[in-house]
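Right, one structure below, let's go through it.
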Amino acid sequence: MNLHEMVTAANNAFIALPWIAGIQSRDQYDELMELADELVEDYEKNHTLIELLLPVLHKYEEEADEFKEFKKDIDAIDPAIAMLRVIIDQHQLTYSDFKNEIGGKSLVSMILSGERSLTLSHIKALSLRFGIDKAMFI
């Protein structure tokens, strides 16, 4: 491909995919998220466009002010508490369901509220029961 063909192809790409140079608004981001959802339904057919789209979405999420507070909150969450909450949600468990791995409901409640921490023995027991790598709690 010569220089003229590359310039023409790039110009055509910018016309067809105006977001390729970056997302300009929340509305454009929302539209592209919908497009991504649609594209992944047939990844094999759409993988080239997906590979162009995902870095643009990621960059917007990393730089947009609207996501900064969310990222800050996520980064502040204790991984052990987050993993325990995921287990509870995914398996539809109650605090009482952790009697063998953690102890009574009150201890589970204190751990989830940040008053207490999971111990190494708690993590080992949870890892064994749910088939989760211990590192996911750290």
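- Scanning for salt bridge (Lys or Arg N to Asp or Glu O under 4.0 Å) contacts around Glu44 gives an empty result, with sequence neighbours left out.
- Taking the side-chain contact (heavy atoms from CB on, under 4.5 Å) definition, one finds that Leu17 meets it with Trp19, Ile20, Leu49, Leu52, sequence neighbours left out.
- To the nearest 0.5 Å, atoms NZ (Lys134) and CD1 (Ile123) are separated by 10.0 Å.
- Interatomic distance, CE of Met33 versus CG of Leu53, reported as 8.5 Å (0.5 Å rounding).
- Rounded to the nearest 0.5 angstrom, Met110 CE and Arg116 CZ are separated by 4.5 Å.
- Residue pairs meeting the side-chain hydrogen bond (donor to acceptor under 3.5 Å, both in side chains) criterion with at least one member in residues 21-30, sequence neighbours excluded, are Arg26-Asp30, Arg26-Glu66, Tyr29-Glu61.
- Val40 and Val56 fall within the same hydrophobic cluster, defined by Ile, Leu, Val, Met, Phe, Trp and Tyr side-chain heavy atoms under 4.5 Å apart, directly or through other members.
- The side-chain contact (heavy atoms from CB on, under 4.5 Å) check on Asp133 picks up Ala135, Met136, with sequence neighbours excluded.
- For the side chain to side chain donor-acceptor pair (under 3.5 Å) test, residues two or more places apart in sequence or in another chain that qualify with Asp97 are Thr94.
- When the side chains of ILVMFWY residues are joined at heavy-atom separations under 4.5 Å, either directly or via intervening members, Ile132 and Leu120 end up in two distinct hydrophobic clusters.
- Around atom NE2 of His4, no more than 12 heavy atoms belonging to other residues, nucleotides or ligands sit under 6.0 Å away.
- For Gln92, there are no side chain to side chain donor-acceptor pair (under 3.5 Å) partners two or more places apart in sequence or in a different chain.
- When the side-chain contact (heavy atoms from CB on, under 4.5 Å) test is applied to Ile88, the partners found at least two apart in sequence or on another chain are Leu84, Tyr95, Phe98, Leu112.
- The backbone N or O of Lys105 sits nowhere less than 3.5 Å from a side-chain atom of Ser96 that would complete a donor-acceptor pair.
- Cluster partners of Ile15 are absent, since no Ile, Leu, Val, Met, Phe, Trp or Tyr has side-chain heavy atoms less than 4.5 Å from it.
- A continuous path of ILVMFWY side-chain contacts below 4.5 Å connects Tyr60 to Phe14, so both sit in one hydrophobic cluster.
- Separation of atoms CG (Leu126) and CD1 (Ile87) is listed at 5.0 Å; rounding is to 0.5 Å.
- Residues meeting the side-chain contact (heavy atoms from CB on, under 4.5 Å) test with Leu54, sequence neighbours left out: Ile50, Leu57.
- Shortest non-hydrogen contact noted between Phe137 and Ser127 is CE1-N, 4.4 Å.
- To the nearest 0.5 Å, atoms CD1 (Ile77) and CE (Met83) are separated by 12.5 Å.
- Heavy atoms of other residues, nucleotides or ligands lying less than 6.0 angstrom from CZ of Phe67 number more than 12.
- Asp65 is linked by a salt bridge (Lys or Arg N to Asp or Glu O under 4.0 Å) to Lys68, counting only residues two or more places apart in sequence or in another chain.
- Residue Ser121 holds its OG atom at 9.5 Å from CD1 of Ile102, rounded to the nearest 0.5 Å.
- For CD of Glu38, the number of neighbouring non-hydrogen atoms (other residues, nucleotides, ligands) closer than 6.0 Å is 12 at most.
- Qualifying salt bridge (Lys or Arg N to Asp or Glu O under 4.0 Å) partners for Lys71, counting only residues two or more places apart in sequence or in other chains: Glu62.
- When each of Leu32, Thr48, Asn46 is tested with Leu39 by the rule side-chain contact (heavy atoms from CB on, under 4.5 Å), just one qualifies, namely Asn46.
- A donor-acceptor pair under 3.5 Å links the side-chain atoms of Glu5 to the main chain of Asn2, judged by distance alone.
- Partners of Lys124 under the salt bridge (Lys or Arg N to Asp or Glu O under 4.0 Å) rule, at least two apart in sequence or in another chain, do not exist in this structure.
- Side-chain atoms of His122 come within 3.5 Å of backbone N or O of Thr119 as a donor-acceptor pair.
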